[in-house]
Every structure is written in structure tokens, then in C-alpha cells.
**Student:** 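Below is the structure I would like to discuss, written out as C-alpha cells.
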Amino acid sequence: MKYVNFEDAGDAISDEVYMKEALNEAHKALEQDEVPIGAVIVSGGRIIGRGHNLTERLNDVTAHAEMQAFTAAANYIGGKYLRDCTLYVTIEPCVMCAGAAYWTQISRVVFGARDEKRGFSTIGSRLLHPKTTVVNGVLERECAELVSSFFRNKRG
């Protein structure tokens with residue numbers, strides 16, 4: 001087992017550790033035949049919210065991984081604002097999830113792979129809170145391949 005002291009670790013190291021946790025959530029979605037996207041929310045070096053896509057299981061188009069994680073984190077802290085928190089998500093958030101992230105006032109959004117068709121950055125405007133910073137490309141290859149292989153198998 002490897003232990004990481006996040007107070008001394010650079011953002012790149014901790015970002016990869018938490019993105020692996022988001023990938024674990026994505027694999028849970030895959031096991032349920034959901035689009036394999038996963039998310040975790042971190043505050044103070046601790047995961048306070050987890051989520052994976054549940055749109056098919058719940059018959060709910062809003063049941064995205066990020067939305068599940070926002071709800072879990074808000075319940076954990078007992079409030080709707082996620083300041084000083086980071087969202088790790090395997091694929092770039094869609095417009096809906098970026099809008100929800102705006103309302104949470106989350107400090108950072110870290111995502112793995114871009115979503116060239118439906119990601120929030122495709123519309124060319126800033127949907128996140130002005131104080132939110134964005135990091136992309138963390139474990140990009142692994143995140144992109146999981147979703148790509150899911151859709152290849154669906155079409156194949």
C-alpha cells in the first residue's frame with residue numbers, strides 16, 4: 001500500500017490519485033451498463049462525495065456522475081456550497097453539470113478527457129463560477145478509452 005502525504009504532494013500527484021478514485025466510480029457505472037463516467041469530490045484531502053452515472057437505472061436524465069457527487073458532498077458537509085472543494089470527473093462536464101458546479105461555487109474542477117460533442121467548453125462561454133479553476137487531461141488516456149470502448153461495444 002502506498003501512502004501519500006497530500007500536504008507535501010504536488011497537485012499533479014494528488015490529482016492522479018483522486019482521478020483514479022473517479023475511474024473506480026466509472027467502473028461501477030460500467031458494471032451496471034451505464035455510460036462509464038465517475039466523479040469524486042475532495043475537501044481537505046478527504047473524499048466527501050462520490051458518484052457515477054445512474055441515468056438508466058434511475059430513468060433520470062439528470063442522474064449524471066457529477067450530480068450524484070454534488071448531492072453526496074452537500075449532504076456530507078450539511079450545506080449546498082462546496083467552496084474549498086475539488087470535483088474530479090473522468091470526462092469533461094456537460095453544460096448541465098457545469099451549471100450545477102457554478103451554483104455549488106466549487107473551487108476546482110479536474111477532468112480526465114474532453115467531451116468534444118457535449119462538454120461545457122464546446123459552447124465557448126464560461127459556465128463555471130468565476131473563482132473556479134479548471135485542470136484537464138489528468139489520466140486522459142484511461143478516461144477516454146473507458147468511454148470509447150463502452151460505445152464501441154454498444155455499436156459493435
Side-chain angles (χ1 to χ4, degrees), residues 1-32 34-55 57-58 60-115 118-122 125-147:
M1 177 176 273
K2 181 178 178 183
Y3 292 95
V4 177
N5 179 349
F6 291 108
E7 292 177 9
D8 297 334
D11 282 344
I13 293 171
S14 59
D15 285 350
E16 285 190 12
V17 168
Y18 292 122
M19 189 59 74
K20 287 178 183 175
E21 290 295 322
L23 276 165
N24 288 339
E25 289 296 316
H27 282 281
K28 290 178 186 177
L30 182 63
E31 290 169 7
Q32 297 173 35
E34 296 273 1
V35 176
I37 298 174
V40 297
I41 295 178
V42 175
S43 177
R46 165 182 266 162
I47 295 173
I48 63 167
R50 294 176 176 273
H52 55 272
N53 270 0
L54 292 171
T55 58
R57 182 175 176 199
L58 298 179
D60 179 356
V61 297
T62 68
H64 289 193
E66 300 94 324
M67 302 299 267
Q68 303 301 313
F70 291 148
T71 299
N75 287 335
Y76 180 87
I77 64 171
K80 61 185 177 181
Y81 297 116
L82 302 177
R83 296 179 195 111
D84 301 320
C85 295
T86 299
L87 167 68
Y88 292 89
V89 60
T90 55
I91 302 295
E92 177 183 3
C94 70
V95 172
M96 174 186 70
C97 293
Y102 177 97
W103 291 111
T104 70
Q105 299 181 18
I106 200 155
S107 297
R108 291 178 76 223
V109 173
V110 178
F111 65 86
R114 288 200 178 276
D115 183 344
R118 293 183 180 87
F120 75 89
S121 66
T122 62
S125 68
R126 182 137 170 98
L127 291 174
L128 298 173
H129 193 276
K131 293 182 180 178
T132 300
T133 59
V134 177
V135 176
N136 65 58
V138 176
L139 300 180
E140 181 177 13
R141 185 178 48 79
E142 295 94 323
C143 294
E145 180 53 32
L146 186 59
V147 172

**Student:** Please report the closest heavy-atom contact between Ala22 and Val40, naming both atoms and the distance.
**Tutor:** N-CG1, 4.1 Å
**Student:** Run the side-chain contact (heavy atoms from CB on, under 4.5 Å) test against Thr62 and tell me which residues pass, sequence neighbours left out.
**Tutor:** Asp60, Met96
**Student:** Hey, is the main chain of Gly38 close enough, under 3.5 Å, to the side chain of Thr90 for a donor-acceptor pair?
**Tutor:** yes
**Student:** With sequence neighbours excluded, what pairs up with Thr86 under the side-chain hydrogen bond (donor to acceptor under 3.5 Å, both in side chains) test?
**Tutor:** none
**Student:** In chain order, what residues pass the side-chain contact (heavy atoms from CB on, under 4.5 Å) check against Ala113, with sequence neighbours excluded?
**Tutor:** Ile91, Glu140, Cys143, Ala144
**Student:** Could you check whether any side-chain heavy atom of Val135 comes within less than 4.5 Å of a side-chain heavy atom of Met19, counting everything from C-beta outward?
**Tutor:** no
**Student:** Tell me every residue that passes side-chain contact (heavy atoms from CB on, under 4.5 Å) with Ala65, counting only those two or more places apart in sequence or in another chain.
**Tutor:** Ile37, Ala39, Asn53
**Student:** Calculate, to the nearest 0.5 Å, the distance between atoms SG and CG belonging to Cys97 and Leu127 respectively.
**Tutor:** 11.5 Å
**Student:** Arg118: which residues meet the side-chain hydrogen bond (donor to acceptor under 3.5 Å, both in side chains) condition with it, sequence neighbours left out?
**Tutor:** none
**Student:** Taking the side chain as C-beta and beyond, is there a heavy-atom pair between Ser43 and Ile77 under 4.5 Å?
**Tutor:** no
**Student:** Mind checking side-chain hydrogen bond (donor to acceptor under 3.5 Å, both in side chains) for Glu34 and listing every partner two or more places apart, or none if nothing turns up?
**Tutor:** Thr55
**Student:** Testing Gln32, His27, Gln68 for side-chain contact (heavy atoms from CB on, under 4.5 Å) with His52, which one passes?
**Tutor:** Gln32
**Student:** Side chain to side chain donor-acceptor pair (under 3.5 Å): which pairs involve residues 92-106, sequence neighbours left out?
**Tutor:** Arg83-Gln105, Glu92-Ser121
**Student:** Identify the two heavy atoms, one from Cys85 and one from Ile41, that lie closest to each other, and give their separation to 0.1 Å.
**Tutor:** CB-CG2, 3.9 Å
**Student:** Ring pair (Phe, Tyr, Trp, His ring centres under 6.0 Å): which pairs involve residues 63-99, sequence neighbours left out?
**Tutor:** Tyr18-Tyr88
**Student:** Just verifying a value: how many Å separate Asp15 CG and Leu139 CG, rounded to the nearest 0.5 Å?
**Tutor:** 9.0 Å
**Student:** For Ile106, is there any backbone N or O sitting under 3.5 Å from a side-chain donor or acceptor partner on Thr132?
**Tutor:** yes
**Student:** Quick one: side-chain contact (heavy atoms from CB on, under 4.5 Å) partners of Asp84, sequence neighbours excluded?
**Tutor:** Ser107
**Student:** Glu142: what forms a salt bridge (Lys or Arg N to Asp or Glu O under 4.0 Å) with it, not counting sequence neighbours?
**Tutor:** none
**Student:** Does anything in residues 65-76 pair up under salt bridge (Lys or Arg N to Asp or Glu O under 4.0 Å), and if so which pairs, sequence neighbours excluded?
**Tutor:** none
**Student:** Taking only residues at least two apart or on different chains, which pairs with a member in residues 18-31 satisfy salt bridge (Lys or Arg N to Asp or Glu O under 4.0 Å)?
**Tutor:** Glu21-Arg50, Glu25-Lys28, Glu25-Arg50
